[in-house]
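By convention here, the first residue in the shown sequence is residue 1. Counting starts at 1 for both ligands and their atoms, in listed order.
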Amino acid sequence: MSEPSTPSDELRAFAHTTAAQAGLGRELGAPSSPPILAASHFLSLGDPAELPYGYARNATPAWEALESALGALERAQARVFASGQAASFALFAALNQPRRRRLLLARGGYYGTRKLADLLTSFSCEHELLDFEDTAALARALAAQPSILWAESPTNPLLHVHDLAALARFAHAAGAPFVVDNTIATAALQQPLELGASASLCSLTKSAAGHADLVAGSVATRDGELLARLDAWRSSAGAIASPFDSWLALRGLRTLPLRIERQSASAAELARRLAAHPRVARAHYPGLEPRTRALAARQMPRGAGPLLSFELHTSEGEHAAARAADAVVAAARLVLPGTSFGGYASSWERRARWPSERAPAGLIRLSVGLEDVSDLWDDIERALRG
Ligand SMILES: *Cc1c(COP(=O)(O)O)cnc(C)c1O
């Protein structure tokens with residue numbers, strides 16, 4: 001076997017080997033896969049602190065193999081939650097102690113994070129939506145008030161790429177915790193903690209578990225105090241991952257590096273072809289625009305994930321744009337209609353059909369699966385012909 005030569009080769013080798021092996025026992029008689037451990041509690045007597053497990057909302061071995069693999073992939077400690085949103089909520093709550101901090105969010109980011117931030121407003125937690133490329137505005141916002149800088153790169157659904165190392169420097173200079181939502185790239189393609197993030201968030205529902213059969217989320221961090229606060233919030237707020245979902249998520253995670261490399265290659269190819277198609281006005285994929293090509297290649301050297309989006313040419317306003325996009329989505333025979341992303345089967349949707357989404361009315365978001373890329377292109381081209 002040849003030695004890894006570039007940082008990109010090293011990340012690839014690390015991700016493939018770690019995902020395949022993390023948490024496996026070597027002792028003779030060990031099971032080849034961890035058991036599904038379904039238990040609400042563990043037999044005990046006297047002081048509960050004397051045993052590692054008592055009540056399963058506080059701690060259970062059911063999460064441990066998954067957390068150990070997720071932690072190994074980010075060279076950190078990981079915690080799993082009932083969903084990506086549950087992980088976001090616990091992380092926000094854990095970072096907002098002891099001071100009251102304002103949440104700084106990227107304007108074009110995931111709408112679910114904005115909806116959560118809107119709900120938190122009634123608990124006196126304010127948030128501000130910023131253009132994360134406007135560094136002057138960012139510096140002003142960070143200086144104005146204690147803040148949590150909450151980035152997402154690439155963003156969902158416009159696939160903007162933000163300079164995470166630069167954002168980390170800004171956050172550290174202001175003493176602000178720096179969160180990266182790493183759901184689209186996952187730790188197999190991008191390592192936010194290596195770039196200076198305090199915590200890396202992932203919706204395991206999407207690519208990480210990758211089989212469209214569960215909802216779960218995770219946080220990885222190297223900060224022991226933050227980890228203890230996350231544990232406290234998870235136990236008391238109670239949004240825990242089920243034993244069966246944890247088992248399924250680990251089963252999916254084993255093949256994440258393989259799947260996401262193939263999906264990234266296909267997504268980049270389809271984005272290039274879409275950008276050149278006469279019916280397409282704009283296609284969005286990290287590195288497609290010359291402006292962020294070098295940054296995308298530096299930050300995600302092995303590929304940029306399964307998600308792309310595009311907009312059709314229309315001359316008659318938002319209503320017509322939405323109708324045209326709906327017709328394209330409905331015309332596919334292979335690409336499935338539906339939300340979410342990162343599964344083995346390709347799917348797409350007109351994103352603005354969700355009421356809180358701020359994407360352009362006609363934007364179609366495509367999650368590229370594991371099908372043959374030529375079959376996918378034939379289907380997309382046929383759907384675009386109508
Ligand atoms: C889906 C998603 C989430 C939320 O995760 P759930 O598992 O649906 O709760 C958070 N961030 C991003 C970028 C997402 O795409």
Side-chain angles (χ1 to χ4, degrees), residues 66 70 78-93 103 105-120 127 129 132 148-162 164 179-190 192 197 199-220 233-234 237-242 245-246 248-249 252-253 256 260 263 267 284-286 300 304-309 338-343 347-349 351-354 356-359 363 365-368:
L66 174 61
L70 287 166
R79 291 294 183 262
V80 294
F81 292 84
S83 64
Q85 288 299 94
S88 287
F89 178 75
L91 184 55
F92 173 75
L103 191 55
L105 298 172
R107 187 163 283 130
Y110 176 55
Y111 81 94
T113 312
R114 279 199 305 277
K115 279 180 78 173
L116 177 61
D118 282 340
L119 286 172
L120 291 168
H127 65 275
L129 300 178
F132 273 27
I148 301 166
L149 190 60
W150 194 288
E152 185 185 316
S153 185
T155 60
N156 173 7
L158 283 167
L159 289 312
H160 291 161
V161 179
H162 296 137
L164 298 179
V179 172
V180 175
D181 184 334
N182 200 28
T183 298
I184 292 181
T186 78
L189 299 176
Q190 174 172 270
S200 168
L201 176 97
C202 188
S203 165
L204 304 177
T205 314
K206 317 290 170 49
S207 304
H211 291 67
D213 52 8
L214 62 92
V215 174
S218 68
V219 178
W233 276 98
R234 180 172 63 176
I240 58 168
S242 82
D245 287 348
S246 302
L248 274 179
L253 193 71
L256 165 65
I260 205 162
Q263 287 167 297
H284 309 280
Y285 192 72
M300 298 174 288
L307 210 55
L308 66 90
S309 56
T339 193
S340 199
F341 62 87
S347 61
W348 59 4
E349 66 174 337
R351 196 55 189 162
R353 71 196 177 96
W354 296 93
S356 305
E357 175 62 84
R358 293 181 176 187
L363 182 104
R365 193 189 71 175
L366 168 61
S367 170
V368 179

TODO: Measure the shortest side-chain to side-chain distance between I240 and R234 over non-hydrogen atoms and say whether it is less than 4.5 angstrom.
DONE: yes
Open item on the list: Regarding ligand 1, does E152 bring an N or O atom to under 3.5 Å of one of the ligand's N or O atoms?
Closed with: no
Task: atom 9 (O) of ligand 1: the protein heavy-atom neighbour that sits closest, reported with distance to 0.1 Å - done: Q85 N, 2.8 Å
- [ ] Provide, to 0.1 Å, the distance between atom 13 (C) of ligand 1 and the closest protein heavy atom, together with that atom's residue and name.
- [x] D181 OD2, 3.4 Å
Open item on the list: Can you report which non-hydrogen protein atom sits closest to atom 14 (C) of ligand 1, along with the distance?
Closed with: K206 NZ, 3.0 Å
Open item on the list: Please list the nearest protein heavy atom to atom 6 (P) of ligand 1 with its residue and the distance rounded to 0.1 Å.
Closed with: G84 N, 3.4 Å
Task: Side chain S200, main chain A220, donor-acceptor under 3.5 Å - done: no
Task: Atoms in ligand 1 with a heavy atom of T183 nearer than 4.0 Å - done: 11 (N), 12 (C), 13 (C), 14 (C), 15 (O)
TODO: Could you tell me whether ligand 1 has any atom less than 4.0 Å away from a heavy atom of A216?
DONE: yes
TODO: Would you verify whether the NZ or CZ of K115 falls within 45 degrees of the ring axis of F89 while also being under 6.0 Å from that six-membered ring's centre?
DONE: no
Open item on the list: Donor-acceptor check, side chain of S309 to backbone of P157, threshold 3.5 angstrom: yes or no?
Closed with: yes
Open item on the list: Could you check whether any side-chain heavy atom of H284 comes within less than 4.5 Å of a side-chain heavy atom of L363, counting everything from C-beta outward?
Closed with: yes
Task: Enumerated ligand 1 atoms positioned under 4.0 Å from heavy atoms of S83 - done: 7 (O), 9 (O)
- [ ] Test T205 against T183 for side chain to side chain contact (heavy atoms under 4.5 Å, CB included), laying out the working first.
- [x] CA-CA 9 Å; T205 314; T183 298; over 6 Å; no
TODO: Answer yes or no: does an N/O atom from N156 fall short of 3.5 Å to an N/O atom of ligand 1?
DONE: yes
Open item on the list: Could you check whether R365 makes a cation-pi contact with F341, meaning its NZ or CZ is under 6.0 Å from the centre of the six-membered ring and within 45° of the ring axis?
Closed with: no
Task: Contact atoms of ligand 1, heavy-atom distance to F341 under 4.0 Å - done: 15 (O)
TODO: Would you indicate whether the side-chain heavy atoms of H160 and P154 approach each other to under 4.5 Å?
DONE: no
TODO: Please report which non-hydrogen protein atom sits nearest to atom 3 (C) of ligand 1, along with the residue it belongs to and the distance in Å to one decimal place.
DONE: Y110 CE2, 3.2 Å
